[in-house]
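Heavy atoms only: backbone and side chains are in, while hydrogens, waters and symmetry mates are out.
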Amino acid sequence: MLAVDVDGKGDLSAALGSRYLGFKPHLAQQRVSVIAMDAQQSFQEYLHIYFKVPAITRLTPLKRVFDFIATAVPGPRDMLVVGKIAYEERRREPDGRPVWDLIVVDSAASGHVVSHLSAARSMLTLVRGGVIRSQVEWIDALIRDPERTTAVLCALPEEMPVVEAIELCGRLRSEAGMSIGACFLNRVVTEPVTPAVRRLVDTLVAAEHDETLQKRLGGSPQSIADATRLAQQLYAAGVAEARRLQAKIPAPLVRVPLTAARPGLATARAAADAIAGQAT
Amino acid sequence: MSTVERRKGDRRLVGRREWPSYAVADALGGLEVVICCGSGGVGKTTISASIAMSLAAAHDKRVLVLTVDPARRLATALGLKGLGAEPVTVSRTRLRRAGLPARGEVVAAMLDMKSAWDRMIERYSPDSRTAQRILSNRFYQRISDAFIGSQEYAAMEALYELHEAGEYDCLVIDTPPSRNALDFLEAPSRLSDYVGSTLLSFLAGSSRLGFRAMNFAATPFLRLADRLLGAEVLAEVADFVRQLQQLYGGVQRRARDVYRLLRSPAVGFVVVTTLEPSPFSEAEFFVEKLRDFSMPLRALVVNRVLPDSLRDPSAIAAATTLTEDAGIAAWLSKALGVGVTRETARAAGERYLLFSSLAQRDARQLANVERLGDVPVARIPLFTDDVSELEGLVRIAGLL
């Protein structure tokens with residue numbers, strides 16, 4: 001499996017227990033490799049593979065032009081990101097098997113992801129010929145083929161992120177022509193506060209000045225009521241937002257529980273377990 | 001007194017105000033432009049809208065909050081049905097009803113990228129014929145409305161234009177997430193580089209002279225571009241960039257003016273973050289970049305902070321007993337005269353310990369906030385209901 005960090009910040013590597021931040025696939029976990037996207041390197045790789053352009057670092061005036069195209073010109077930059085991912089999807093082992101069974105992309109922020117995913121389509125309206133035309137055609141076909149590519153939405157259980165996920169769902173379908181595979185609601189308090197727990201906490205708080213109780217508990221139960229109330233409120237918010245997502249997004253909803261672990265491999269494993277438990 | 005207050009009909013969780021920093025609104029009060037930056041998902045749009053409200057309330061100002069983020073969060077934050085390029089005034093009656101004694105005015109708008117680009121072309125073109133030729137070019141049309149990055153160029157131009165027009169006392173800008181916000185800061189110089197670049201010289205030259213007449217240095221590039229795009233398209237691109245080169249002088253002058261404005265005492269940056277490790281390191285990164293650019297950081301806003309009551313050592317001890325002591329359920333049943341099962345006691349304790357771990361992590365990170373800069377810091381508690389309604393924004397504005 002290949003995990004692609006589009007922003008190239010290293011968060012995805014960290015979630016896979018690695019500090020790697022490079023453009024070449026790096027094995028972070030058993031059968032899971034990771035790369036950090038880099039538009040300049042993507043362009044160099046592209047030119048090398050398709051046009052046999054040598055390492056352009058040695059050709060100073062041209063390198064400046066190429067770096068500029070890859071990083072500053074709107075359009076090519078988006079295509080280089082999407083193109084690299086599409087290239088990895090096409091890669092084959094000598095025996096013809098795909099190099100990757102699955103490519104998971106941690107995409108750009110939601111305001112920008114549609115531009116990335118519709119870059120190929122936009123490019124098709126501009127380019128009528130040349131090598132790039134056929135390349136952009138297969139990239140566009142790959143993105144829009146629900147058998148090969150799907151978008152997975154992620155939101156926190158709060159109104160604004162949920163509204164945004166719903167809006168993004170609509171834009172991905174209409175502007176990028178993509179299918180939506182699933183929607184993840186992250187950091188959800190999954191268990192309600194039961195009446196028995198509420199009763200116990202209320203009773204403890206009412207008796208908080210009882211010295212014997214405090215001695216037996218080893219401390220004051222007063223603030224436990226705050227956490228109980230917070231849990232109740234967050235659970236209710238999770239239920240309401242899940243309902244809203246289910247009503248508007250035509251894809252399975254997966255709840256990932258709130259944990260206290262720092263982001264990293266342990267959190268990723270806990271989330272993976274939660275996802276596996278809900279997979280149908 | 002409990003540090004989590006519950007009011008009648010109010011589901012909000014309000015932290016103890018032990019670090020009051022109304023200083024943020026004061027620090028921003030004299031500014032003409034406030035630029036809010038931060039990682040995605042930290043509540044930047046909500047904070048931008050709240051800053052606009054606090055300025056309108058405290059300083060009797062006409063404030064425009066402009067979102068540059070292509071996600072349409074600002075309308076949601078302000079409880080508006082829709083928001084476009086046309087400024088929408090949030091009426092004083094609505095603000096008062098939400099609890100904001102507004103003396104000033106809050107106006108909201110979303111960047112219209114296409115028209116910002118078009119105005120830019122019209123302004124910098126030497127004549128209307130050149131402008132029309134560029135505006136009708138299909139490469140320009142795609143760049144100006146379809147691709148990432150073109151947003152940042154247009155946003156900076158719109159910001160400068162609005163400031164120059166002087167229609168508002170203060171502009172509050174809600175920027176895209178911070179890596180893109182960096183593009184935002186670099187946009188004026190990039191545009192200037194773009195229009196004056198070697199690439200464009202090559203292409204413009206190719207159009208004027210034809211490929212065969214090109215100089216030696218340009219030939220490999222043009223040969224490659226020809227194979228890549230095809231001769232017809234390349235000629236079209238070349239024609240477009242040749243027109244674009246005529247804009248160079250104006251674009252370069254404007255880049256200088258925009259940077260002068262961004263470094264002036266009239267402008268201030270507010271960095272918004274949560275205490276989660278990833279957004280926090282983004283905030284550190286952005287503060288460092290501001291320093292590199294000699295642009296003034298004026299305030300920090302730390303959003304979604306858990307209340308201190310969740311770090312109460314006495315409660316941690318009690319919760320640990322409830323979670324781990326096998327005999328506590330039976331003891332409580334007897335002592336309190338209510339039936340308590342082992343599972344109930346454990347569930348009550350575990351919940352506290354979960355939130356306590358998160359609150360302790362927040363506290364450790366809070367200690368690092370001062371390292372970011374010697375500026376006022378606002379700590380916004382976690383709100384468990386939606387603060388997208390005006391009342392929520394007013395509540396946050398009160399903490400700024």
Visitor: Is chain B contacted by the side chain of A/Ala225, its backbone, both, or neither, given a heavy-atom distance below 4.5 Å?
Guide: neither

Visitor: Checking side-chain polar atoms at under 3.5 Å, does A/Thr228 have a donor or acceptor matched by the opposite partner on A/Gln232?
Guide: no

Visitor: Could you tell me which portion of A/Glu175 (side chain, backbone, both or neither) has an atom closer than 4.5 angstrom to a non-hydrogen atom of chain B?
Guide: neither

Visitor: Name the region of A/Ala207, side chain, backbone, both or neither, that has any atom closer than 4.5 Å to a heavy atom of chain B.
Guide: side chain

Visitor: For B/Glu276, is it the side chain, the backbone, both, or neither that has a heavy atom closer than 4.5 Å to a heavy atom of chain A?
Guide: side chain

Visitor: Looking at every heavy atom in both B/Thr274 and B/Pro279, which two are closest together, and how far apart are they?
Guide: OG1-CG, 3.5 Å

Visitor: Against chain A, label B/Arg304 side chain, backbone, both or neither, depending on which of its atoms sit under 4.5 Å from a heavy atom there.
Guide: side chain

Visitor: Is it true that a side-chain atom of B/Asp362 and a backbone atom of B/Leu306 form a donor plus acceptor pair closer than 3.5 Å?
Guide: yes

Visitor: For A/Arg121, does its backbone N or O pair with a side-chain atom of A/Ser118 as donor and acceptor, under 3.5 Å?
Guide: no

Visitor: Can you tell which of B/Ala335, B/Gly43, B/Pro277 has the highest number of heavy-atom pairs within less than 4.5 Å of chain A?
Guide: B/Pro277

Visitor: Within the 4.5 Å heavy-atom criterion, are A/Arg244 and A/Val163 side-chain neighbours or not?
Guide: yes

Visitor: Heavy-atom cut-off 4.5 Å, strictly under: side chain, backbone, both or neither for A/Thr212 against chain B?
Guide: both

Visitor: For B/Ala359 and B/Leu310, work out which heavy atoms get closest and say how close.
Guide: CB-CB, 3.7 Å

Visitor: Side chain, backbone, both or neither: which part of A/Tyr235 has a heavy atom under 4.5 Å from chain B?
Guide: neither

Visitor: Check each atom of B/Ala348 against the heavy atoms of chain A and say whether the ones under 4.5 Å are side chain, backbone, both or neither.
Guide: both

Visitor: Between B/Thr320, B/Ile328, B/Val340, which shows the greatest number of heavy-atom pairs under 4.5 Å with chain A?
Guide: B/Ile328

Visitor: Please list all pairs passing the salt bridge (Lys or Arg N to Asp or Glu O under 4.0 Å) test where one or both residues lie in residues 200-220 of chain A, with sequence neighbours left out.
Guide: A/Arg216-B/Asp325

Visitor: Non-hydrogen atoms of chain B under 4.5 Å away: do they reach the side chain of A/Val189, the backbone, both or neither?
Guide: side chain

Visitor: Could you look at A/Ile224 and say if it's the side chain, the backbone, both or neither that has a heavy atom under 4.5 Å from chain B?
Guide: both

Visitor: Write down the atom of A/Gly83, the atom of A/Ile139, and the distance for their closest heavy-atom approach.
Guide: CA-CD1, 3.8 Å

Visitor: What's the shortest heavy-atom distance between A/Arg198 and A/Val193, and which atoms?
Guide: NH2-O, 3.1 Å

Visitor: Is it the backbone or the side chain of B/Leu353 that comes under 4.5 Å from a heavy atom of chain A, or both, or neither?
Guide: neither

Visitor: Given heavy-atom pairs under 4.5 angstrom as the criterion, report whether the side chain, backbone, both or neither of A/Val201 touches chain B.
Guide: side chain

